[in-house]
A.B. asks: 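Below you'll find the structure I mean.
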Amino acid sequence: MSKVLGILNFEPSYVHVRGLEDFRPISATSILGRYRIIDFMLSNFTNSNIESIKVFIKNRPRSTVEHISHTSYNLNSKRGKIQLLHGDVDYKNNELFNVDVQAFKTYMDFIDQENASYVVVAPSHFIFKQDFNEIIDEHIKAKNDITILCHSTTNADKRYLMGDLLTLDENRRVTEMHKNRGTNKKAVVSLETYVMSALTFKQLVEEATTTSSLYSLSDIIADCVRPMKIGTFQHRGFVACISTLNAYYDANMEIKNEKEMLKLINEDWPIYTMTNDSCPTLYKPGAKVTGSIVANGCQIEGTVINSVIGRNVVVKEGAVIKDSVILPDTFVDKNVKLECAVVDRLSIITHIKELKGTKEEPIYIKRGDRI
Amino acid sequence: MSKVLGILNFEPSYVHVRGLEDFRPISATSILGRYRIIDFMLSNFTNSNIESIKVFIKNRPRSTVEHISHTSYNLNSKRGKIQLLHGDVDYKNNELFNVDVQAFKTYMDFIDQENASYVVVAPSHFIFKQDFNEIIDEHIKAKNDITILCHSTTNADKRYLMGDLLTLDENRRVTEMHKNRGTNKKAVVSLETYVMSALTFKQLVEEATTTSSLYSLSDIIADCVRPMKIGTFQHRGFVACISTLNAYYDANMEIKNEKEMLKLINEDWPIYTMTNDSCPTLYKPGAKVTGSIVANGCQIEGTVINSVIGRNVVVKEGAVIKDSVILPDTFVDKNVKLECAVVDRLSIITHIKELKGTKEEPIYIKRGDRI
Amino acid sequence: MKKNNMVAMILAGGRGSRLFDLTKKVAKPAVHFGGKYRIIDFALSNCANSHISTVGVLVQYESILLSSYSARSSTWGLDSKGGGVYVLSPREKDETGLGLYAGTADAIYQNLDFLDQEEADYVLVLSGDHIYKMDYDKMLKVHQESGAEATIAVIEVPMKEASRFGIMNTDKSDRIVEFEEKPKEPKSNLASMGVYIFSYKTLKKYLKDDAKDPNSQHDFGKNLIPAYLRDGLKLQAYRFKGYWKDVGTISSLWEANMDLLKDNSGLDLFDPDWKIYTDDASATPQCIGENAKIDGAFITQGAIVNGEVTRSVVFSGAEIEEGAKVEDTVVMNNAVIGKGAKLVRCLVADDVKVPDGMKLGKKNSEDILLVSKALIAKAGEDHE
Amino acid sequence: MKKNNMVAMILAGGRGSRLFDLTKKVAKPAVHFGGKYRIIDFALSNCANSHISTVGVLVQYESILLSSYSARSSTWGLDSKGGGVYVLSPREKDETGLGLYAGTADAIYQNLDFLDQEEADYVLVLSGDHIYKMDYDKMLKVHQESGAEATIAVIEVPMKEASRFGIMNTDKSDRIVEFEEKPKEPKSNLASMGVYIFSYKTLKKYLKDDAKDPNSQHDFGKNLIPAYLRDGLKLQAYRFKGYWKDVGTISSLWEANMDLLKDNSGLDLFDPDWKIYTDDASATPQCIGENAKIDGAFITQGAIVNGEVTRSVVFSGAEIEEGAKVEDTVVMNNAVIGKGAKLVRCLVADDVKVPDGMKLGKKNSEDILLVSKALIAKAGEDHE
């Protein structure tokens, strides 16, 4: 069996998740009440039996470091290893990273050490379920230089904005790759997941850095559609690209549907995350909860409709939470009404009795706010 | 039992370990072949049953993060926690830390969360064995505001330079604290280990930051000798202050003495470190080894005299290593002669056949050098 | 550095036959409880939170699951270097054969070599099937200060129930002067909780003597404690106030689950300073459907509720389908309550599928109905 | 996702009585080896390196240390969520009593419920007391490709020694046509290594049949394999090349230790891609004194050498005091060779203190002297 190295990339520059991004990289953001976004892609790696994973972080590594070091992603803990590499006034005196390629180059000796045959580069701001071995098998079979995971969408005018769209020939090979400016609804979008040989990866990194200090991996791949044979592998399931606060809100709302959730997370494809050792959730008499997902450790006396409730959230009597995403450790006091809100961690909402956004423009409450 | 929070401080500005410091914080430097310097102070904490420990790092956290997350320091892994906090363009948008107090202030909410009654602040560039409960007991008994661990030395003209010297009254209370400029041989030196209430700690941090942005914890304590009651606790055992390359070299040479080592590391006071799963060391026929300590995983065919040999070091036939400190994963080829050298990790010494420093001025070979 | 030299020994060998089908394939301490826990999590978490680092778990009946579960020391943080959870099953030794543990005292006796090896100064003997939160470190302090050879935790029970327990009669300083096993006319209401601290040296001597006695039942309550008293050794009572429940029967197991719905039961699982740790299952969050109705419930991750839940506890992976109603009921792991089924005052065992529309349990029944696979199969036959 | 659905079962119940005092208080697989290891580390590390995630360790004799040691799955990285090391001791079940494992096949038979629960497709049966490095994943591929019901690992032994082994007679495609246990006149030199892969479904059927047979010894070599052959099931031989040693006697244990000093023994412990994992003891680095003399040695951390060591293996915590000489000797954990003592061709057991000046072993002796506490005590008496 050829050795495969997993590389979890950091978010590209087009990702801007208003509010949430001020406190942690998007990959470390809480989702669905009990996960971090990064859990989905890391579980993709380990469920695909990829044992060596390098996680690249642009900056602010603390929350990711703590989360990953306290989570068992089902690796053999001696043979497998998740290594976090981040920009810093650090190793070889580099500054913070601007683009992914700069980070890869800085840590190329750590990548070389792994002696891998193939490299799978995956994004940290996407949520989807994918067995990477399927892409690798296709990559080998089709004798591609690079294989890109792609997804056909009819929402390209609203989602995946500034991501990469692919133009394919009749063999589903990439003939062009360009930024999505939202001009078409229908498009084939790149899931920013690339399979290639370790050698090709190294060459691309070299080429990118000599071309421009602002070139990213996706830029250099876009340049290579002619000299190289770039194939695609079609992803047909659920995809969320968390590049804006709206996308974050929508992803929570869409995955919370029982059927959708069980397709993404199930016994055959577990999503690993850190345990907090919270007890189950107590629904007191008088509580009304419908159409929601709720993490453990909550105490609910009020009403929760069509929402996502994070770990250890308290909802007091008379409070109404509707169409909202409440991150862990939040306290919602008596008679507070929230609608279409994203409430960041550790907030205490007492004095303001009504906060209302819209589904198109949800309101954001800052981490640790006492309002 | 009152809760005690351990704080492992980062190195103060007077620490300059030529060469080694370019690659990692001094606390993450290999010592005695198989430990990192930080292991000694962290084991002091956990052997003293202090379960909550905050490790502050100035910058370049990667090596420390990896080492600590792969080491079991004998904490109950659910109740106890070692948290790493480092300067970064991170939490609350702070830049890299200049002084410790700035770091403490930035992360004060993490410290507050612990609800500790007492705080033990310990340095990361010292090696000594100390049960912190002894200092806490004395601190409570003497009703001190702050208790400083101190050590009487007759080497203050050569060691502990720019560290803090203490002037004590007849009750061994501190009446003055000033920088050691090497003018006297005999002195009482501060081991930069402070016990105080969490409240006093918080007040000192506040005061320091309002006084000057360059004030450190030791500066503000020096200012407090009059208003506060600052007691001392005498440390009588072995002390190494690793503030220069010479001090690093000397510490290795001194601890490698069997009796000294067994006083510092033994069944009742184990020093925890990361395992590398190396096999035992093979001494091939013809090898000559005396007066040395050797880590596991080495293959020795040559001669090793009065030296410290790190993990997975290869010493080929005819090579002679004398009075030297060889860090892990180094390769010393046939007939190479090293004397009074500090060889950093992953070096390959093949072509240069003789390298000779002096005990007063050991030569340093860079990490990963191929010479 | 040992945090303290007290080694805990959890007696977890019982068959728990009054739990009927729940313990057909798993030992009683491994039975699920309270949504996400197993019963033994309470004793093990108490040990971890009391700064005990070495715990022996004595197993023999259907022990695969219990053994492998307990051996994962990291679940409770008990994986520090010096300590760990050690599963102690009956074993063959040099010059002896293999035998079952003959009684609670014999179980400890057969593992004296383990206690010697761990250099125990004190031995804490616990039962693996009680639900409570207790700081054994505080009890040890009382033991040490009183200078007793053994300290027994006691709890006040209603006088009329006292005859169901082992009752301690004490003097003013809480020294035990008499011990009566299930006395017909109890002289006090201080019941033994089955939690003992013994000074090891004396315990070892008495266990060795007891092992030689052919008439002994090798039981702490029946033989060891009486022998201590007979010889005039000091036995101290340690009064415990708080929630404590032996979950040895279907109805007591059901009751203990129901207590979790109360605000004032005395068992606070939300307390962040004394968490009960358990296996970290990779489940989804709990999913409450659009037509669900919940009126008082304790529900854990992995559960899916589309029906109606009233005053009930729903365990991991359990599913209440649309139109189903559960009331005053415990729905254990991965059980499925089919569409339109109605359950009241039931305890549904792990993995049981209640068929659509089936009605089980009675609102005013005194008993709790154990809904096992066998019961469902029988109900199916009756129907045909 | 199971990495592969092969569950390893390590037979670790043997008393190892030919190791005499080494196994008085510990089971043979827990005996120390090679400086820092225990014998069972080899089987367990092989499993971990072969991507097996679930391992059962079948124990019964003096199993406390072996059980608690094996249960720490993280030692070998076997603590992934789906997997783990499960210690399987004989246990009481519903409607059956408690009995020893009657033979190798019976040991697996008694744990069929465990294999069912783990949903094994293949069962890898191993012995806990062999020293070797082997990729079981490669063997599984051969098993799958050959379509055999069982695959047996074999190694070529010198023809003159073949009669000490179970010998496989194969056809050209390495299909096994005959199996002879310790044949007087062996027809081949392919010896069974005691490493079997079985397709689980068929194995289960044969184990059940075997359990019913009152004349069976319930042994793989004596009963199961012959039954497979008798019924014409396909049995494949898997040829292994490399180092392999059964360390069942003092002299073979000594030899295997001595092999570690050789450059070309075939057992490479320095290989970073196939590490042998073991308990991470918190020892000091090894300390070589100013007057020490070392001429060929394999020494581990925690050892202190102030004397002379020639062609010897020195284990963790062992101490060679000044003026002492050890030659062709294995000095096990925490043993102390007193000042001026001289040992040649000895195997010094754990914790033994050899008094100052004592001379043990003979340079030209064929046997290896086991230096146990009993021997030292007796030597002391003889001296008085």
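Please read these numbers as outputs of a predicted model, since none were measured by experiment.
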A.B. asks: Taking atom CD of E317(B) as the centre, report whether more than 12 heavy atoms of other residues, nucleotides or ligands fall under 6.0 Å from it.
C.D. replies: no

A.B. asks: Between chain B and each of G34(D), A283(D), A303(D), count heavy-atom pairs under 4.5 Å; write down the option with the most.
C.D. replies: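 With the most close heavy-atom pairs to chain B, the winner is A283(D).
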
A.B. asks: Out of curiosity, D295(D) CG to K288(B) NZ, how far, rounded to the nearest 0.5 Å?
C.D. replies: 9.5 Å

A.B. asks: Give a yes or no answer on whether the side chain of K36(D) reaches the backbone of D277(B) with a donor-acceptor pair at less than 3.5 Å.
C.D. replies: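 Checked: no pair found.
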
A.B. asks: Decide yes or no for S312(D) and Y283(B): does some side-chain heavy atom of the first lie under 4.5 Å from some side-chain heavy atom of the second?
C.D. replies: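 No; the side chains remain at least 4.5 Å from each other.
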
A.B. asks: Not counting sequence neighbours, which residues clear salt bridge (charged side-chain N to carboxylate O under 4.0 Å, His left out) with K138(D)? List them please.
C.D. replies: none

A.B. asks: By a 4.5 Å heavy-atom criterion (distance strictly below it), what part of Y37(D) contacts chain B: side chain, backbone, both, or neither?
C.D. replies: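 Just its side chain gets close to chain B.
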
A.B. asks: Can you list the residues that meet the ring-ring contact (aromatic ring centres under 6.0 Å, His included) rule with H235(B), with sequence neighbours excluded?
C.D. replies: F128(B), H151(B)

A.B. asks: Is the shortest heavy-atom distance from the side chain of S278(B) to the side chain of Q301(D) under 4.5 Å?
C.D. replies: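 No, side chains not in contact.
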
A.B. asks: Does K275(D) form a side-chain contact (heavy atoms from CB on, under 4.5 Å) with N276(B)? I'd like the steps, not just the answer.
C.D. replies: CA-CA 10 Å; K275(D) 286 185 179 178; N276(B) 186 269; 3.8 Å; yes

A.B. asks: If we define contacts as heavy-atom pairs under 4.5 Å, which of A292(D), G35(D), G289(D) has the most with chain B?
C.D. replies: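 So the answer, after comparing A292(D), G35(D), G289(D), is G289(D).
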
A.B. asks: A quick test of your reading: do over 12 heavy atoms of other residues, nucleotides or ligands sit less than 6.0 Å from NZ of K342(D)?
C.D. replies: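 It does: K342(D) NZ has more than 12 such atoms within range.
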
A.B. asks: Please identify, among G33(B), A295(B), S292(B), C298(B), the residue contributing the most non-hydrogen atom pairs under 4.5 Å to chain D.
C.D. replies: S292(B)

A.B. asks: Return yes when atom CD of E290(D) has more than 12 non-hydrogen atoms of other residues, nucleotides or ligands closer than 6.0 Å, and no otherwise.
C.D. replies: no

A.B. asks: Where on T278(D) is there a heavy atom nearer than 4.5 Å to chain B: the side chain, the backbone, both, or neither?
C.D. replies: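 Only the backbone of T278(D) comes within 4.5 Å of chain B.
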
A.B. asks: Which distance, rounded to the nearest 0.5 Å, do you find between the OG1 of T284(D) and the CD of E267(B)?
C.D. replies: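 Separation between the atoms: 11.0 Å.
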
A.B. asks: Heavy-atom pairs under 4.5 Å with chain D: which of N296(B), T290(B), V308(B) has the most?
C.D. replies: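 Option with the greatest count: N296(B).
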
A.B. asks: Nearest 0.5 angstrom please: D263(D) CG to L282(B) CG, how far?
C.D. replies: 7.0 Å

A.B. asks: Above 12 or not: heavy atoms from other molecules or residues under 6.0 Å from NZ of K293(D)?
C.D. replies: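 Count not over threshold, so no.
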
A.B. asks: Could you give the distance from NZ (K284(B)) to CD1 (I294(D)), rounded to the nearest 0.5 Å?
C.D. replies: 15.0 Å

A.B. asks: Got C287(D) and I293(B) here, is their nearest side-chain heavy-atom distance under 4.5 Å?
C.D. replies: yes

A.B. asks: For I271(B), is it the side chain, the backbone, both, or neither that has a heavy atom closer than 4.5 Å to a heavy atom of chain D?
C.D. replies: backbone

A.B. asks: Mind listing the closest non-hydrogen atom pair of F298(D) and C279(B) along with its distance?
C.D. replies: CZ-SG, 4.2 Å

A.B. asks: Please indicate whether K353(D) has more than 12 foreign heavy atoms, meaning atoms of other residues, nucleotides or ligands, lying under 6.0 Å from its NZ.
C.D. replies: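 Yes.
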
A.B. asks: Checking heavy atoms, do the side chain of L260(D), its backbone, both or neither come under 4.5 Å from chain B?
C.D. replies: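 The answer is the backbone of L260(D).
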
A.B. asks: Between L262(B) and I304(D), what is the shortest heavy-atom contact and its length?
C.D. replies: CD1-CD1, 3.9 Å

